[in-house]
Amino acid sequence: LSHICRPCVCLATAIKAVLLLLTFKSEGNKIEKPNFILMIVDDMGIGDVGCYGNDTIRTPNIDRLASEGVKLNQHIAAAPLCTPSRAAFLTGRYALRSGMGSTGRVQVLLFLGGSGGLPPNETTFAKRLQQQGYTTGLVGKWHLGVNCERRGDHCHHPNQHGFSYFYGMPFTLFNDCVSGEGTDVLADLQHTLRNLSLMLGLGLVTLVRVILFLLVWLSNASQTAWMRLRFLLLCASFLYNLTVCCGFPGVNQEVVEQPMTVETLPQRNADRPFLLIFSLLHVHVPLFETPGFAGRSRHGRYGDNMEEMDWIIGKVTETVDSLGLANNTLMYFTSDHGGHIEDADARGQKGGWNGIYKGGKAMGGWEGGIRVPGIFRWPGRLPAGRVVDEPTSLMDLYPTLKYLAQDTQPDRLLDGYNLMPLLEGAAERSEHEFMLHYCGIYLNAVRWHPPGSDSIFKVHFFTPNFTPPGAGGCYETKVCLCHGDYVTHHNPPLVYDLFHDPSESRPLTRDTEPRFAEILEQTAKAVERHRSTLPQNQAGDSHTASVPNQMSWEKILWRPWLQPCCGTFPFCGCKEDTTHT
Ligand SMILES: *[C@@H]1O[C@H](CO)[C@@H](O)[C@H](O)[C@H]1NC(C)=O
Ligand SMILES: *[C@@H]1O[C@H](CO)[C@@H](O)[C@H](O)[C@H]1NC(C)=O
Ligand SMILES: *[C@@H]1O[C@H](CO)[C@@H](O)[C@H](O)[C@H]1NC(C)=O
């Protein structure tokens, strides 16, 4: 070295080298905390995925994640519907603990201009990871609320819940978002109106006219023409905003495109932050028709969307690999709940297939609505090709990520468990000896995996009434309800052993199952233990939960002053600056 540089220069070079080494080393330390990429699909059935037994939909990229990682065969969503399932996923606790369980007809947030949503004082794993120095981002669907009291307060927004970066849809896709696709939001209302009109012997259109006339007349009883005009404008603005604003992409708290263009959504992608939740809009209706995928599958538009979604998963995986992040990145793939078997778009294309499992989205505790794919891939750490049959929950992500981020700070009581021992093969049994299944805030069923046994007993206290009866779903309203005359209570409860009867088709009886009495006794005790952890007035299935109920009509209903809007309300509208993508 003395040949080529004078000593002082050499020293400077050495120091630089040490500094570089130190930086490198500190980066190395940081790398001990892995990155997380969590991919969650909307409304996808477990029977739609190749590695879960589908042989006609091509999902090579998802299958690859499973063969390079760990596949969970009994991965359970905490609720059979988007809003409560996602709330439980992010908080690691049953949805009723955060007021996100429904008490009546409304089971998901229906309008962006409502005031319900994930309460600002809730803790998500994203918030915890942020405190551990993680960069956090959410791309895609949110559906956990936006504003509380005024447009722009963003009290429920992802930015309030631990995501420093948000690019996506604050809401969800509904058929109502695209003209000509029919309605999801108003399906229930339409059904009620239809019944009412039948009852009154009136045509539906006549009835709607009469109701509108009455409303206008009432609002006008002592009003001026100006008030009447305002009322009509409000109605029109509601219908306009239902379509225009039900979904649109936004960056952080800014609306960037309104109304949204469905065709541009699938191509949006993101990469690299430490925690990235990639919350796909696929495969909820309305189904995309993207060039390159349209007409390619053997299952119509639904199959095309599945294959497109799989392609996106492949792109994310490729990016992780090509950036050399694979060994330090835990990738996770799941669906928020089971397929929506009653749903169909204007062409009659069905949504979702739950394989051998009974029921689907919004059917309480039936397996088809809650058993979803669960795949973890982390080449540096997890064995390739491991399959876990034990019960696991989407709520397990919270404690798992916390553990991996070395977060040992005190926390609330969680309903999930750290999955690492099961994933790595250090444990063979799940810590979920019991798992509870909620329909809204009502305890619907309990799963019991007795120690030392393969059996998975499931005890249903009530089941949803199908419409028409025996139809295998609630075809009249598209979703089943959890209360009153919409359910049938069972005493003794309906009991199945999912290990021998995964389709829940042969109820056990005292005569066929020697452990019958024990099953009822053990599950009743588990319910008691669980209830003792709930606030007093929640434990008795009471309608007034002590945490504010976010799913009441009062919180759900659309308010013009809460409607996110770019432009001047009610004339919302803007087009995304494409340089942003
Ligand atoms: C694969 O998925 C399609 C579409 O959801 C479904 O119709 C078909 O029955 C599935 N195949 C199997 C073997 O589950
Ligand atoms: C990733 O980890 C695996 C298993 O420990 C190892 O064989 C492989 O070389 C690692 N790859 C990189 C790029 O470090
Ligand atoms: C959040 O605030 C509400 C009151 O607004 C309270 O009832 C609830 O217990 C709080 N939740 C947490 C987790 O602190």
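As the structure lists them, so they are numbered: ligands from 1, and atoms in each ligand from 1.
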Does one side chain, of D43 or H337, offer a donor that lies under 3.5 Å from an acceptor on the other? yes

Which atom pair, heavy atoms only, marks the closest approach of I312 to F278? CG2-CE2, 3.4 Å

Contacts of Y332 meeting ring pair (Phe, Tyr, Trp, His ring centres under 6.0 Å) (sequence neighbours excluded), chain-then-number -> H75, F376

Hey, is ligand 3 close enough to N121 that some N/O pair sits below 3.5 Å? yes

N61 versus D310, side-chain donor and acceptor atoms under 3.5 Å: yes

Residues forming a side chain to side chain contact (heavy atoms under 4.5 Å, CB included) with S102, sequence neighbours excluded: Q107, M551

Atom indices of ligand 3 within 4.0 angstrom of P548 heavy atoms, with elements: 3 (C), 5 (O), 7 (O)

Just say parallel, tilted or perpendicular for the rings of F89 and F125, cut-offs at 30° and 60°. perpendicular

Polar pairs, ligand 1 vs protein, N/O only, below 3.5 Å.
residue	atom	partner	partner atom	Å
ligand 1	2 (O)	N54	ND2	2.3
ligand 1	5 (O)	D48	OD1	2.7
ligand 1	11 (N)	N54	ND2	3.2
ligand 1	14 (O)	W353	NE1	2.9

Residues at least two apart in sequence or cross-chain that pass salt bridge (charged side-chain N to carboxylate O under 4.0 Å, His left out) with R150, listed by chain then number, are none

